[in-house]
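This report concerns only the one structure given below.
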Amino acid sequence: MTNITPQPGILDIAPYVGGSSHVEGVSNVVKLSSNENPFGPSEAAKDAFRKAAYDLHRYPPTDHASLRGAIADVHGLDADRIVCGVGSDEILSLLCQCYAGPGDEVIHTEHGFAIYKIAALSNGATPVEVPERERVTDVDAILTAVTERTRLVFIANPNNPTGTMIGDGEIARLAEGLPEHVLLVLDGAYAEYVEGFDGGAGLVDARENVVMTRTFSKIYGLGGLRVGWGYGPAHVVDVLNRVRGPFNLSQSALVAAEAAVRDQAWVDKCRADNARMRAWLAEALAGHGVPSDTSLANFVLARFADQEQAEACDEYLKSEGLIVRRVAGYNLPHCLRITVGDEASSRRVAHAVGQFMGDAE
């Protein structure tokens with residue numbers, strides 16, 4: 001026996017499992033399980049990445065100044081209040097590391113991103129799950145759950161895996177209603193898919209208790225490089241920069257992300273294509289008797305009669321070379337999350353769901 005034990009909370013973590021990429025015995029699969037951009041990164045980002053190969057022997061900058069400057073230019077933000085991380089996941093984890101520990105509470109919603117709970121437990125804090133209202137964030141439920149032990153409130157807007165979101169007025173009401181000792185974290189991983197949406201940046205500028213996170217893994221198509229960023233009050237960014245690794249982002253990731261954020265024409269194209277196919281896919285699924293809420297992200301949450309039907313449909317889709325995401329771990333056992341792919345992939349998955357539902361009748 002050994003007396004070597006991990007910190008409290010860590011053994012309570014159910015390890016995060018990413019979307020599958022392979023189906024045993026099936027070739028030429030279509031992966032619609034990880035909300036990846038089917039069109040990949042822009043040519044400018046790929047060119048920047050290729051050129052970075054000549055400097056692989058050099059350490060990257062520790063201040064990320066060039067990338068922060070590009071983000072600030074594009075979004076009209078203060079570069080000094082931007083912090084970059086290994087995906088937005090690292091920023092979320094750093095926030096828990098810096099502001100929540102044993103005896104503290106971290107609030108997330110019942111269908112919120114799994115990393116919120118993992119980050120809280122990793123730092124010995126207690127995750128507090130609050131109900132949503134028909135798969136939509138419920139501001140009043142969150143405010144009711146706040147105690148003197150609450151330190152962080154995590155909200156994904158649009159939310160993953162539901163695809164739903166709440167408006168600026170509700171977010172502002174939440175921020176206003178929180179006590180001074182609570183930090184509101186707005187996870188904007190899918191914010192770029194919403195036309196004209198700032199992800200909460202305006203609220204960050206107006207208040208001292210709000211932080212926004214964003215990622216290059218979704219619409220920018222750089223999931224394989226793991227780049228994210230946060231925007232917050234100067235006092236929060238200062239704290240995060242004291243604990244993040246000085247070389248947390250590689251040079252190739254930094255230059256590719258900078259080129260990606262400056263190529264907003266590619267972002268606009270991907271947003272438009274996604275919106276078109278998202279509407280088509282949701283309508284096609286509904287026509288086969290599979291409803292979904294209005295999604296503002298790059299996926300739809302398909303709802304089935306029960307868990308048995310959802311899992312049977314998933315197995316059928318896998319047999320057809322189509323990989324989607326079961327979301328029982330998000331308290332949605334009767335649902336499958338389906339990424340909006342290109343037109344061919346979207347039509348293929350809708351047709352397969354239709355075949356399954358026809359056979360199930």
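Everything quoted here is computed from the prediction, not taken from an experiment. Heads up: numbering here begins at 1 and tracks the sequence. The figures that follow rest on heavy atoms only: side chains count, while hydrogens, waters and symmetry mates do not.
- Taking the charged nitrogens against the carboxylate oxygens, E176 and R207 do have a contact shorter than 4.0 Å, which makes a salt bridge.
- In this structure, CG in L183 is found 5.5 Å from CG in L152, a value given to the nearest 0.5 Å.
- Shown here for N159 and G112, the closest heavy-atom pair between the two residues is OD1-CA, 3.9 Å.
- Side chains of F304 and V290 form a contact here, defined as non-hydrogen atoms less than 4.5 Å apart.
- The heavy-atom pair separating V227 from L249 by the smallest distance is CG1-CD1, 4.2 Å.
- Look at D238 and R242 and you find a salt bridge, because one of the NZ, NE, NH1 or NH2 atoms lies within 4.0 Å of a carboxylate O, short of that distance.
- In this structure, R347 forms a cation-pi arrangement with W280, its terminal cationic atom sitting closer than 6.0 Å to the ring centre and no more than 45° off the ring axis.
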Practice problem: Output, in order, the C-alpha distance, side-chain angles, deciding distance and verdict of salt bridge (Lys or Arg N to Asp or Glu O under 4.0 Å) for D273 and R278. | Solution: CA-CA 8 Å; D273 286 346; R278 180 181 62 203; over 6 Å; no
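- Checking side-chain atoms of N298 against main-chain N and O of N37 turns up no donor-acceptor pair under 3.5 Å.
- D78 has its side chain out of reach of I82: every pair of non-hydrogen atoms, C-beta onward, lies at least 4.5 Å apart.
- A salt bridge links R326 with D314: the closest approach of a Lys/Arg side-chain nitrogen to an acidic carboxylate oxygen falls below 4.0 angstrom.
- In plain terms, the two heavy atoms of A141 and P131 that are nearest each other are CB-O, 3.7 Å.
- For the side chain to side chain contact (heavy atoms under 4.5 Å, CB included) test with D187, the passing option among L92, T215, I115 is L92; the others fail.
- Note that the CZ atom of R58 and the OG atom of S250 stand 16.0 Å from one another [nearest 0.5 Å].
- Atom SG of C313 is separated from atom CZ of F356 by 5.0 Å, given to the nearest 0.5 angstrom.
- Between R262 and D73 a salt bridge is recorded (basic side-chain N to carboxylate O distance below 4.0 Å).
- Residues V153 and T150 have side chains in contact (heavy-atom distance under 4.5 Å, counting atoms from C-beta outward).
- Note: F113 and F154 fail the aromatic proximity criterion, with ring centroids not under 6.0 Å apart.
- For the pair V349 and L281, the minimum side-chain heavy-atom distance is below 4.5 Å.
- Of all non-hydrogen atoms in V130 and A145, the two that sit nearest each other are CG1-CB, 3.3 Å.
- Summarising the geometry of P233 relative to V211, their closest heavy-atom pair is CD-CG2, 4.0 Å, with the distance given to 0.1 Å.
- Comment: K318 engages E315 in a salt bridge, judged by a side-chain N to carboxylate O separation of less than 4.0 angstrom.
- Counting only heavy atoms from C-beta outward, the side chains of R348 and L322 approach each other to under 4.5 Å.
- Checked by atom type, the side-chain pair D205/Y231 shows a donor-acceptor distance below 3.5 Å.
- Among all heavy-atom pairs drawn from T339 and S33, the shortest one is OG1-N, 3.7 Å.
- R81 places a side-chain N or O within 3.5 Å of a backbone atom of G232 that can act as its donor or acceptor partner.
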Exercise. Check the pair D47, K51 against salt bridge (Lys or Arg N to Asp or Glu O under 4.0 Å), reporting the backbone distance first and the verdict last.
Key: CA-CA 6 Å; D47 287 344; K51 292 175 182 176; over 6 Å; no
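- Ion pair R244/E90 not flagged as a salt bridge, since none of the NZ, NE, NH1 or NH2 atoms sits closer than 4.0 Å to an Asp/Glu carboxylate oxygen.
- Between the side chains of Y220 and D263, no donor N or O sits under 3.5 Å from an acceptor N or O.
- Note on Y116: it does not cluster hydrophobically with M212, by side-chain heavy-atom contacts below 4.5 Å among ILVMFWY residues.
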Exercise. Could you walk me through whether N160 and H111 pass side-chain hydrogen bond (donor to acceptor under 3.5 Å, both in side chains), step by step?
Key: CA-CA 8 Å; N160 171 29; H111 306 311; over 6 Å; no
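- With a 4.5 Å cut-off on side-chain heavy atoms, N157 and F197 count as touching.
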Practice problem: Show the numbers, then the answer: is there a side-chain hydrogen bond (donor to acceptor under 3.5 Å, both in side chains) between E180 and N209? | Solution: CA-CA 7 Å; E180 291 184 355; N209 68 329; over 6 Å; no
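- If you check the side chains of D293 and T164, you find no donor sitting under 3.5 Å from an acceptor.
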Practice problem: Could you give me the CA-CA distance, side-chain angles and deciding distance for K117 and E129, then say whether salt bridge (Lys or Arg N to Asp or Glu O under 4.0 Å) is met? | Solution: CA-CA 9 Å; K117 182 177 181 180; E129 181 180 294; 5.8 Å; no
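- Partner of E192 under the side chain to side chain donor-acceptor pair (under 3.5 Å) criterion, out of R214, Q264, R271: R214 alone.
- Because its NZ or CZ atom is not both nearer than 6.0 Å to the ring centre of Y193 and within 45° of the ring axis, K218 does not count as a cation-pi partner of that residue.
- Counted by atom type alone, T137 and E132 present zero donor-acceptor pairs between their side chains at under 3.5 Å.
- A cation-pi arrangement, defined by a distance under 6.0 Å to the six-membered ring centre and an angle within 45 degrees of its axis, is present between R337 and F299.
- One finds the CD atom of E311 at 12.5 Å from the NE2 atom of H334 (value rounded to the nearest 0.5 Å).
- One side chain, T147 or E105, offers a donor N or O that lies under 3.5 Å from an acceptor on the other.
- The CG atom of L301 lies 12.0 Å from the OG1 atom of T294; values are rounded to the nearest 0.5 Å.
- Between S217 and L222, the closest side-chain pair of non-hydrogen atoms is not below 4.5 Å.
- For the pair L174/I142, a side-chain contact is recorded, criterion being any heavy-atom separation below 4.5 Å from C-beta on.
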Exercise. Begin with the C-alpha distance, continue with both residues' side-chain angles, and end with the deciding distance and a verdict on side-chain hydrogen bond (donor to acceptor under 3.5 Å, both in side chains) for Q251 and Y59.
Key: CA-CA 7 Å; Q251 176 68 7; Y59 277 94; over 6 Å; no
